[in-house]
Amino acid sequence: MIFRETPPSCGEAEPQNKVTVVLGAQWGDEGKGKVVDLLAMDADIVCRCQGGNNAGHTVVVDSVEYDFHLLPSGVLNKKAVSFIGNGVVIHLPGLFDEAAKNLQKGKGLQGWEERLKISDRAHIVFNFHQAVDGIQEQQRQQQEGKNLGTTKKGIGPAYSSKAARNGIRVCDLVSDFKVFQDKFRMLAEHFLTMYPNLNIDIDGELEQLKGYAERLRPLVTDGVYFMHKALNGPSKKILVEGANAALLDIDFGTYPFVTSSNCTVGGVCTGLGVPPSYVGRVYGVVKAYTTRVGVGAFPTEQDNETGDLLQTRGREFGVTTGRRRRCGWLDLILVRYAHMVNGFSAIALTKLDILDTLPEIKVGVAYNVDGKPLPSFPANMDVLTRVSVEYKTLPGWCCSTEAARSFEDLPSQAQSYIRFIEDFLQVPVKWVGVGKSRESMIKLF
């Protein structure tokens with residue numbers, strides 16, 4: 001080891017700009033789109049780093065409700081560049097359909113192609129990936145009597161292709177189409193060998209992809225160089241919008257009932273090519289209660305009148321699937337675990353207004369199995385299905401919070417609920433949501 005008495009003239013490199021990250025802290029559907037929309041108003045760049053069109057973010061602007069699945073929610077900011085990173089898997093028909101549908105809803109998306117950049121290293125989801133996703137779900141149902149509850153958007157099979165090193169990337173599509181065509185046929189044949197009943201119109205899909213290649217080419221950029229310039233150039237506000245959520249992470253989620261990517265903070269580095277030292281504030285989005293789409297363990301689930309009330313008042317249906325969401329009390333053991341993995345700087349607490357009519361509110365504060373306390377969130381899902389939850393009961397406020405625009409406007413019981421969450425997690429609550437629009441996000445500090 002050689003030590004210098006004086007540092008070299010260049011000194012240690014300090015990051016010019018840092019990325020601000022918004023992540024889901026539960027099983028998704030926490031209202032990340034609304035928080036991103038709020039922060040994106042003065043952002044220069046808004047990025048997606050993982051997932052695909054299995055994500056669903058709803059943003060309400062000027063009473064118009066936009067639904068995003070692949071596009072970053074920040075695409076509504078006409079002054080910001082939206083960037084889809086290499087960690088995202090892209091279904092091209094889904095991308096262009098999504099843009100077309102949202103264009104019909106209002107003026108928010110006008111000119112989206114001028115302000116969208118896509119990493120040349122992002123992998124492509126093909127129609128046959130989606131067909132395979134459906135077949136795999138059917139097989140799981142037949143073999144084990146239970147499926148994973150995937151969105152059937154082809155996300156898992158596309159990431160499988162990526163890991164198997166026979167996937168095809170955006171750079172392949174916008175380069176030599178003949179070379180791309182050969183790779184596509186080989187990949188299609190690979191899946192046909194595995195699933196003989198698979199119906200693939202190879203020539204038809206290739207013709208469709210040729211058209212998409214022309215539309216895609218102006219949007220494609222070297223994502224690593226793009227992010228490097230953004231991070232090391234003039235002062236910029238860079239926002240990263242996580243899709244899915246911590247408990248759906250392929251490594252840290254409730255495996256196997258998870259998504260196929262890292263939707264915790266590590267996915268920001270691998271999905272965008274951002275060095276860890278450039279990650280700044282990490283905001284966790286927490287719903288004031290807990291919801292889950294599809295199957296899998298859910299310790300605080302309320303399969304009763306309370307769950308029905310939360311489901312009805314919260315209009316809890318999946319943005320991507322339309323499936324009814326399962327509902328239950330806020331699980332702080334689960335959120336604390338998400339904080340351990342992500343290191344949240346602060347929390348955005350959403351949908352507090354849904355609790356307005358409840359005379360008392362319960363919060364999960366400890367897990368027990370076979371009468372013994374669990375010291376941490378279990379990796380084994382068989383254990384998680386057997387936990388009994390210890391609750392803290394807090395008084396409700398039984399009045400509307402929807403008109404509140406400051407912390408002081410909230411009823412004292414609602415203020416106590418927020419403070420209890422902060423004290424338990426030892427993380428400050430920075431925003432509280434009491435309605436659907438960005439204006440309903442109360443800023444606490």
Side-chain angles (χ1 to χ4, degrees), residues 48 50-56 67-71 84-104 112-113 116-139 148 150-221 223 243 259-261 320-321:
R48 273 280 308 271
Q50 48 70 225
N53 59 342
N54 56 336
D67 292 331
F68 296 117
H69 302 274
L70 264 169
L71 290 168
I84 297 177
N86 59 276
V88 181
V89 289
I90 303 170
H91 183 244
L92 293 170
L95 175 70
F96 290 111
D97 285 354
E98 178 184 326
K101 283 175 185 172
N102 281 295
L103 274 169
Q104 290 171 359
W112 68 276
E113 285 173 287
L116 179 69
K117 297 287 179 192
I118 297 173
S119 171
D120 53 359
R121 290 173 170 84
H123 278 251
I124 302 172
V125 180
F126 297 111
N127 293 340
F128 58 73
H129 282 130
Q130 297 195 335
V132 166
D133 205 350
I135 291 169
Q136 288 176 344
E137 279 290 81
Q138 203 174 10
Q139 287 178 345
L148 294 180
T150 80
T151 56
K152 298 179 185 173
K153 296 289 183 183
I155 308 304
Y159 277 116
S160 296
S161 292
K162 179 177 178 175
R165 291 163 292 183
N166 60 9
I168 303 175
R169 302 188 293 176
V170 165
C171 58
D172 299 313
L173 177 58
V174 297
S175 298
D176 185 328
F177 193 77
K178 188 180 182 313
V179 176
F180 168 82
Q181 200 168 256
D182 294 341
K183 288 183 178 180
F184 180 86
R185 288 185 188 280
M186 279 179 66
L187 185 59
E189 290 297 336
H190 166 76
F191 277 107
L192 278 168
T193 304
M194 292 172 68
Y195 303 96
N197 296 332
L198 192 61
N199 184 18
I200 307 179
D201 178 5
I202 292 177
D203 292 328
E205 193 166 350
L206 277 169
E207 195 58 38
Q208 185 189 45
L209 286 161
K210 197 169 190 177
Y212 286 133
E214 296 312 307
R215 293 187 68 182
L216 196 63
R217 193 167 281 111
L219 314 179
V220 177
T221 189
T259 193
S260 309
S261 60
T320 301
T321 60

With distance as the sole test, does [X] use its side chain to make a donor-acceptor pair with the main-chain N or O of [Y] at under 3.5 Å?
X	Y	result
Glu98	His69	yes
Asp67	Asn102	no
Gln130	Lys153	yes
Asp120	Cys171	no
Glu137	Lys152	no

*By ring pair (Phe, Tyr, Trp, His ring centres under 6.0 Å), which residues pair with Tyr212, not counting sequence neighbours?*
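In terms of ring pair (Phe, Tyr, Trp, His ring centres under 6.0 Å), with neighbours along the sequence ignored, Tyr212 is linked to Phe96.
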*Reference residue Phe191; test ring pair (Phe, Tyr, Trp, His ring centres under 6.0 Å); the match among Phe184, Phe128, Phe126*: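 Exactly one candidate clears the test, Phe128.
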State, yes or no, whether a side-chain contact exists between [X] and [Y] at a heavy-atom distance under 4.5 Å.
X	Y	result
Asn127	Gln208	yes
His129	Leu187	yes
Asn53	Ile155	yes
Leu92	Leu216	yes
Arg169	Asn86	no

Looking at [atom1] of [X] and [atom2] of [Y], how far apart are the two atoms once the value is rounded to the nearest 0.5 Å?
X	Y	atom1	atom2	result
Leu206	Lys210	CG	NZ	9.5 Å
Met194	Ser160	CE	OG	8.0 Å
Glu207	Gln181	CD	CD	9.0 Å
Asn54	His91	CG	NE2	12.5 Å
Ile84	Thr221	CD1	OG1	13.0 Å
Leu198	Ile135	CG	CD1	4.5 Å

*Among Asn166, Asp172, Val170, whose side-chain contact (heavy atoms from CB on, under 4.5 Å) with Ile168 holds?*
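Filter result, single survivor: Asp172.
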*So, for Ser119 and Gly85, which heavy atoms are closest and what is the spacing to 0.1 Å?*
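Shortest heavy-atom separation between Ser119 and Gly85 comes out as CB-C, 3.7 Å.
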_Closest contact, heavy atoms only, Gly51 versus Tyr159_ =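 Nearest heavy atoms, Gly51 then Tyr159: N-OH, 3.0 Å.
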*Does a side chain donor of either Ser161 or His123 reach within less than 3.5 Å of an acceptor in the other side chain?*
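Checked: Ser161/His123 side chains show no N/O donor-acceptor pair below 3.5 Å.
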*asked:* Using a 6.0 Å cut-off, check whether atom CG of Asn199 has over 12 heavy atoms from anything other than its own residue.
replied: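 Counting neighbours around CG of Asn199, 12 or fewer heavy atoms of other residues, nucleotides or ligands fall under 6.0 Å, so no.
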*For the residue pair Phe180 and Phe177, categorise the inter-ring angle as parallel (less than 30°), tilted (30 to 60°) or perpendicular (more than 60°).*
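Taking Phe177 first and then Phe180, their aromatic rings sit tilted (interplane angle of 30° to 60°).
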*Presence of salt bridge, Glu214 and Arg217, under 4.0 angstrom*: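 Here Arg217 pairs with Glu214 in a salt bridge, since their nearest N and O are under 4.0 Å apart.
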